[in-house]
Amino acid sequence: MKTKTKGRRMFIGGEWVERDHVIDIYDPQDHSFITTVPKATVEDALFTVEMAKKGAETAAAIPVHERMAILERAAHYVSTHQKRFAETIAREGSKTIREATSEVDRCVQTLRISQEEARRIHGETIPFDQMPGHEDRVGYYYRFPIGIIAAITPFNDPLNLVAHKIGPAIAAGNAIIIKPSSLTPLSALLLAEAFVEAGLPKHVLSVITGSGKDVGETLVKHPAVRMVSFTGGLKTGEHIARQAGLKKIGMELGSNCPTIVLEDADIDEAAAACVSGAFSAAGQNCIGVQRIFIQKTVYDQFEAEIVKKARTVKLGDKQLESTDMGPLINETEARRVEALVNEAVEKGATLLTGGVREGAFYAPTVLSNVPDHCQIADEEIFGPVVLLYQVIDLHEAIEKANNVDYGLQAGIFTNRIDDAMTAARCLHVGGVMINDSSDYRIDGMPFGGVKGSGLGREGIRFAIQDMTEPKVVQFNLKKDRNRL
Ligand code: NAD
């Protein structure tokens, strides 16, 4: 008999609320029941926007020093409750406790950077006298908050990606509604708790739990919402872009990131970085390494090294410090990845290691000789699978790396400055990491992609630009001049 446990409540307009209809939350590694969260309705979403209208007025009136103090207190709360936050991430999501702890540390950073950036939201003066006849005008522009932001987030970084929405929104003086993934909503609710403790005024932040279709779409379409900040898959992003109407959209989407290894690289270092970049968070990482282009002369050496290292990745219980890799977010996802690998192998790919599934766990997998017409060759795998390609030279590597519909980040291992600069210039991506894999990021850098990987940039300062609008103030000083 299942005992009725009291589930987690959602946070709407400053109140913690529950509903009769709920979503069950499970631990992906053994499908054990964790708790429930409310299954919000369309009416709940509409009510949340009404609350956010009040929140937008409140938020815009909070002086910058107070916004900064709130963000600092929230960061402090997260940092002093690091263990609780890490355990939540590692329980509801795929990450191991080590990976979860590092996500909590990054969340603290994200909030602290937001606090810092709040003081740097400036405008500039405008030289009106550039236009003949306007010599007596002076003025400036400043940036004002956009109003209500609806932020929709994915399952794979359930805390820090939410912080990347809330931090800049509050720094800029906006109200924000978070619709977290229904698979991992608990970390976002915990972050709301940090903001309550930090003294964020009522109505400024809501975290509404429910389906993308009902809650997400209601928020996306609502005319009072001035910006949709979305992080998730390409198909969902495209759907949201079609629904949003006349409002700003920020799109942080997926990818199948390339990393290039040239013959002069440190092969051991490159292989180690690619293993970490391909298999961290069980490969469920938008900048994870998916395609590696290796110069022919060092191909065999690199292949042997990456296979050896992939075999040492320790799969197991997420809560153990000794575990390197946990399960995928659920068994359905693990089966999807398995099917993609099987299709490639059936079509002629060589399975160098891995290819084994047990429940939601999928072993670190390395493939070579993957034919171009396999789905895995162009689509985002979002699982622990990496593809090796032999290339003649940098030119061929760049051409192949660019020959997909995505463009988030890329890595290149080389000690030759010219090759590094060529790669930086010619790779069609939002970021090129030299002597690192595609999986390198700090929270204060501009982050986002081109092509199917998205629109706009996050990274606090860059998100703040999108979350504010410039307003021009002009003074006509003719009368003043006449007095002199
Ligand atoms: P997803 O697209 O399935 O879901 C993301 C969010 O969208 C969830 O909250 C979901 O409930 C919501 N949603 C679903 N349908 C919706 C609709 N019709 N209207 C409004 N909202 C809707 O993505 P996911 O599986 O949770 O996450 C994985 C994807 O996210 C991968 O493609 C990954 O690359 C991408 N991602 C990108 C970044 C980045 O910064 N570029 C970071 C992390 C993840």
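Counting starts at 1 for both ligands and their atoms, following the listed order. Predicted, not measured: the structure shown is a model, and the values here were computed from it.
In terms of protein heavy-atom proximity, atom 4 (O) of ligand 1 is nearest to Thr236 OG1, 4.5 Å. Annotation: atom 39 (C) of ligand 1 to nearest protein heavy atom, Cys286 SG, 3.3 Å. Here the heavy atom of the protein found nearest to atom 25 (O) of ligand 1 is Phe155 CE2, 3.4 Å. Counting protein heavy atoms only, atom 28 (C) of ligand 1 is closest to Phe382 CE2, 3.4 Å. Atom 18 (N) of ligand 1 has its closest protein heavy atom at Glu217 OE2, 2.9 Å.
Taking a cut-off of under 4.0 Å to the non-hydrogen atoms of Gly254, the atoms of ligand 1 that pass are 32 (O), 34 (O). Near Leu253, meaning under 4.0 Å from any of its heavy atoms, are these atoms of ligand 1: 37 (C), 38 (C), 39 (C), 41 (N). Numbered from 1 in the order shown, with element, the atoms of ligand 1 that lie under 4.0 Å from a heavy atom of Ile152 read 6 (C), 7 (O), 9 (O), 12 (C), 20 (C), 21 (N). Residue Gly233 has at least one heavy-atom neighbour below 4.0 Å for each of these atoms of ligand 1: 1 (P), 2 (O), 23 (O), 29 (C), 30 (O), 32 (O). Within ligand 1, the atoms closer than 4.0 Å to a non-hydrogen atom of Leu161 are 42 (C), 43 (C), numbered from 1 in the order shown. The distance from ligand 1 to the heavy atoms of Asn156 drops below 4.0 Å at these ligand atoms: 43 (C), 44 (C). Every atom of ligand 1 is numbered from 1 in the order shown, and the set under 4.0 Å from a heavy atom of Pro180 is 9 (O). Residue-ligand proximity, Ile240 to ligand 1, at heavy-atom distances under 4.0 Å covers atoms 19 (N), 20 (C), 21 (N).
Taking any N or O of Thr231, backbone or side chain, none lies under 3.5 Å from an N or O belonging to ligand 1. Checking only distances, Lys213 never comes within under 3.5 Å of ligand 1, N or O to N or O.
With a 4.0 Å cut-off on non-hydrogen atoms, Thr153 touches ligand 1 through its backbone and not its side chain. At a 4.0 Å heavy-atom cut-off, ligand 1 touches Glu380 through the side chain alone. Only the side chain of His239 comes within 4.0 Å of ligand 1, judged by heavy-atom distances. Proximity of Leu234 to ligand 1, defined as any heavy-atom pair under 4.0 Å, is not found for any part of the residue. Using a 4.0 Å cut-off between heavy atoms, Ile287 makes no contact with ligand 1 at all. With a heavy-atom cut-off of 4.0 Å, Ser211 does not touch ligand 1 at all.
For the atom pair CD1 of Ile240 and CZ of Phe230, the computed distance is 4.0 Å after rounding to the nearest 0.5 Å. Distance NE2/His428 to CG/Asn403: 11.0 Å, rounded to 0.5 Å.
A cation-pi arrangement, defined by a distance under 6.0 Å to the six-membered ring centre and an angle within 45 degrees of its axis, is absent between Arg457 and Phe447.
Ion pairing between a basic and an acidic side chain is recognised when a charged N comes within 4.0 Å of a carboxylate O; Asp157 and Lys95 show such pairing. Note on Glu15 versus Lys202: salt bridge recorded, some NZ/NE/NH1/NH2 to OD/OE distance being below 4.0 Å. Salt bridge status for Arg112 with Glu116: absent, with no side-chain N to carboxylate O gap under 4.0 Å.
A parallel orientation is assigned to the rings of Tyr389 and Phe293, their planes being inclined by less than 30° (bins at 30° and 60°). Below 30°, between 30° and 60°, or above 60°: for Tyr26 and His31 the angle between ring planes is below 30°, a parallel geometry.
Side-chain N/O atoms of Ser437 and Asp439 include no donor and acceptor closer than 3.5 Å.
With Asn435 contributing its side chain and Thr414 its backbone, the two residues share a donor-acceptor pair below 3.5 Å. In this structure a side-chain-to-backbone donor-acceptor pair under 3.5 Å is missing from Ser438 to Thr259. In this structure a side-chain-to-backbone donor-acceptor pair under 3.5 Å is present from Asn256 to Asp378.
When each of Thr184, Asn160, Val162 is checked for a side-chain contact (heavy atoms from CB on, under 4.5 Å) with Thr153, only Val162 meets the rule. Residue Lys318 is tested with Asp30, Asp27, Asp324 for a salt bridge (Lys or Arg N to Asp or Glu O under 4.0 Å); the sole match is Asp27.
The closest approach between Asp157 and ligand 1 stays at or above 4.0 Å for every heavy atom of the residue. No heavy atom of Gly454 sits closer than 4.0 Å to any atom of ligand 1. For Ser182, the closest heavy-atom approach to ligand 1 does not fall below 4.0 Å.
Considering each of Gly232, Gly250, Ala188, Gly449, the one bringing a non-hydrogen atom nearest atom 35 (C) of ligand 1 is Gly232.
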